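Working notes, structure below.
Positions are given from 1, in the same order as the sequence printed here. Atoms within each ligand, like the ligands themselves, are counted from 1 in listed order. Source: prediction; values computed, not measured.
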Amino acid sequence: MQTDFLVIGSGIAGLTYALKMAKHHPDKKILVITKTQADETNTKYAQGGIAGVMDEAKDSYSKHIEDTEIAGDGLCNNHVVEIVVKEGPERIKEIIKYGAEFDKDEKGEYSLGREGGHSEYRILHHKDVTGKEMERALLHEVEQTHNITLINHCFVIDIITQHHLGFLVTKSTPDITCYGVYVLNLNSNRIEKILSKITLLATGGNGQAYRTTTNPRIATGDGIAMVYRAKGRIENMEFIQFHPTALYEPGESPSFLITEAVRGDGGILRNKDGEAFMEKYDERKDLAPRDIVARAIDNEMKKAGTEHVYLDCRHITKESFIHHFPNIYEKCLSIGIDVTKQMIPVSPAAHYSCGGIKTDEWGRTSIQNLYACGECASTGLHGANRLASNSLLEAMVFGHRAYKDSADKISALDFKNDIPDWNAKGTSDPKEMILITQSVKELQQVMSDYVGIVRTDVRLHRAMKRLDLLFTETEDLYRSTRVSPQLCELRNIITVGYLIVKGAEFRKESRGLHFNTDHPGKSQLLQNIIL
Ligand code: FAD
Ligand code: SIN
């Protein structure tokens, strides 16, 4: 298969790029591939909304910039923050044109929500299912666009570079180039190669590296792992954001999110004794940035020996709660919790990867003709901690920027035609799936127990030793077994786990989401950890 533009991922980042490119180049083919169903993405599960300064008379770019940078704890790239905040509203207007609906008040103005770390009400939302609405609008627009082909159940194994032509490629090779990808096409059950002139990775996050996560099954950091294997640059992987309030429901995976917007509407965190504890930790109380709230909850749980705290919404009227959060109301009711009478048990869960594939301000990676945007990318927006509801915004801004930068490059590019077919010699069908499923569990256990909200040098060291063993066992399996999505995903989350631990080991300080009790202060040296 050959395509001018190959987009890997059908979430907000990939679809934004694909739509823009398709409209710009109506004569060119844009291929979007996705590993399960098109709408099974982190995007679909987004609840709270998308941050944007829609009316400068009521809010200001400078305040949104300041809030983003305060959350980022010194590591945001100021230029990128300014780009995202200032270009974001235009991108929001575009998705509204595609048909996405955001809630309005009785005056017909956007009803804006507020979340942790925001100094203003600036979050557009669609009830508590904003991502579902945005994904719907994007997919609908894709269906109407004649030159986009979307293939579901097509699992990308690796990106193709000079390495596959037999050349030695190292981190210092200056011109590593992407020629396309090898995919396991689950529709034909064959490994195929797709040659492309420009490739965009929009593969999303990696919450599945942890036992408790808000991320769906697809979030296994595939794009990040592929770029690392291809010797591209990855940065700031130690900054894993734990959402403070996932519904505590043992055995359920992924964890159901209780959006921060509930705290924006007055929800109060309480410990097992009913104490509203956040005022002990931060003057912004329940609406402090996520790293602070998640650590406070972790501390309260450890002190009391409990597995959760509570979110108290009993003072919010039933009408108001159901109006704003119908999905959460129904979910809680389905497990026997009437939020108007009972407190909601909540605990932190891995939620978002602030680091990822290093990109510049146009979404270019360190590999030629390869772009990345959305959660898999590290653009410099989030620094050490992402401000709530900035992720959907970033994905659209960089989907647009990557399109702008790559649209006209195509005329100077050709397909690389001498790429060998996938070599499956010496492999046989997997005999025991338990070898894979058990390793996934072990990896998640190690990451949750040793590389969670609070870290220490000893825990990180231990995690690395366990990961080494898992890596060796999995590479043996990979060499001898016919590839499957499960095996590839295991391989990818082990790589992501390694990158998180490595980044955490290098960072000898506590900053933003990375908190190491052996290095409690902040270093004077502001640096991104590039692996
Ligand atoms: P995704 O939407 O995750 O899409 C990834 C795509 O890549 C999928 O199509 C997947 O199939 C594909 N893919 C991955 N690997 C492969 C492979 N190997 N081969 C082929 N295809 C592959 N952010 C906000 O700004 N506001 C919110 O309110 C908000 N709420 C959230 C609530 C929840 C529960 C979660 C989980 C996240 C939330 N976020 C929120 C974060 C935000 O939703 C994500 O960061 C964002 O949607 C990521 O978009 P994306 O396009 O980068 O990736
Ligand atoms: C939420 O709704 O609390 C999630 C928002 C986000 O992750 O940005």
Scan side-chain atoms only and decide if H64 and N390 contain a donor-acceptor pair under the 3.5 Å cut-off.
yes
Relative to the heavy atoms of G374, which atoms of ligand 1 are at a distance of less than 4.0 Å?
52 (O)
Answer with yes or no whether A261 contacts ligand 2, where contact means a heavy atom under 4.0 Å from a ligand atom.
no
With rounding to the nearest 0.5 Å, note down the distance linking CD1 in I240 to CG in N206.
4.5 Å
Over 12 non-hydrogen atoms of neighbours within 6.0 angstrom of NE2 in H153
yes
G131 heavy atom under 4.0 Å from ligand 1:
no
If you measure from atom 44 (C) of ligand 1 to every heavy atom of M396, E375, E115, which option wins on shortest distance?
E375
Is it the side chain (CB and beyond), the backbone, both or neither of R386 that lies under 4.0 Å from ligand 1, heavy atoms counted?
side chain
Check: G48 N/O within less than 3.5 Å of ligand 2 N/O
yes
Can you pull out every salt bridge (Lys or Arg N to Asp or Glu O under 4.0 Å) where at least one residue sits in residues 381-394? Sequence neighbours excluded, please.
none
Determine whether K193 and D421 make a side-chain contact, defined as any pair of heavy atoms from C-beta on separated by less than 4.5 Å.
yes
Verify side-chain contact (heavy atoms from CB on, under 4.5 Å) between F256 and I328, making sure each step is shown before the conclusion.
CA-CA 9 Å; F256 182 84; I328 295 175; 4.0 Å; yes
Could you tell me if D291 and Q241 have a donor-acceptor pair between their side chains, going purely by distance under 3.5 Å?
no
Close approach, L257 and ligand 2, non-hydrogen under 4.0 angstrom
yes
N or O pair under 3.5 Å between S391 and ligand 1
yes
Examine K104 relative to Y110 and say whether NZ or CZ is less than 6.0 Å from the centre of the six-membered ring and inside a 45° cone about the ring axis.
yes
Please confirm whether A202 comes under 4.0 Å of ligand 1, counting heavy atoms of the residue only.
yes
So if I count the atoms of ligand 1 from 1 in the order they appear, which ones are less than 4.0 Å from some heavy atom of G49?
24 (C), 25 (O), 26 (N), 27 (C), 28 (O)
Looking at M343, is its backbone amide N or carbonyl O close enough to the side chain of D312 to form a donor-acceptor pair, meaning the two atoms are under 3.5 Å apart?
no
With a cutoff of 4.0 Å, is L257 in contact with ligand 1, counting heavy atoms of the residue only?
yes
Please work out whether any backbone atom (N, CA, C, O) or any side-chain heavy atom from C-beta onward of C154 is under 4.0 Å from ligand 1, and answer side chain, backbone, both or neither.
backbone
Is S391 close enough to touch ligand 2? Criterion: a residue heavy atom under 4.0 Å from a ligand atom.
no
A38 versus ligand 1: do any nitrogen or oxygen atoms come within less than 3.5 Å of each other?
no
Test side-chain contact (heavy atoms from CB on, under 4.5 Å) applied to K93 and M54, step by step
CA-CA 9 Å; K93 286 179 197 153; M54 302 306 282; 4.3 Å; yes
Taking atom 6 (C) of ligand 2 as the point of reference, which of R290, Q241, Q47, H125 owns the nearest heavy atom?
R290
Between ligand 2 and H351, is the shortest N or O to N or O distance under 3.5 Å?
yes
Carefully, step by step, assess N369 and Y179 under the rule side-chain contact (heavy atoms from CB on, under 4.5 Å).
CA-CA 8 Å; N369 305 334; Y179 305 120; 5.9 Å; no
Please determine whether salt bridge (Lys or Arg N to Asp or Glu O under 4.0 Å) holds for the pair E94 and R91, giving the CA-CA distance in whole Å, both sets of side-chain angles, and the decisive distance to 0.1 Å.
CA-CA 5 Å; E94 282 163 5; R91 305 287 82 80; 2.8 Å; yes
Indicate, as side chain, backbone, both or neither, the part of Q47 found under 4.0 angstrom from ligand 1 when only non-hydrogen atoms are considered.
backbone
Have a look at ligand 1 and work out which part of D222, if any, has a heavy atom under 4.0 Å from it: side chain, backbone, both or neither.
side chain
On a heavy-atom basis, I'd like to know which of A46, S353, S10 is closest to atom 31 (C) of ligand 1.
A46
Does ligand 1 have any atom sitting under 4.0 Å from a heavy atom of N215?
yes
Residue portion contacting ligand 1 (non-hydrogen atoms closer than 4.0 Å) for N390
backbone
Kindly say whether G399 contributes a backbone atom to a donor-acceptor pair with the side chain of T16 at under 3.5 angstrom?
no
Just let me know how H351 lines up against ligand 1, side chain, backbone, both or neither, with a heavy-atom cut-off below 4.0 Å.
side chain
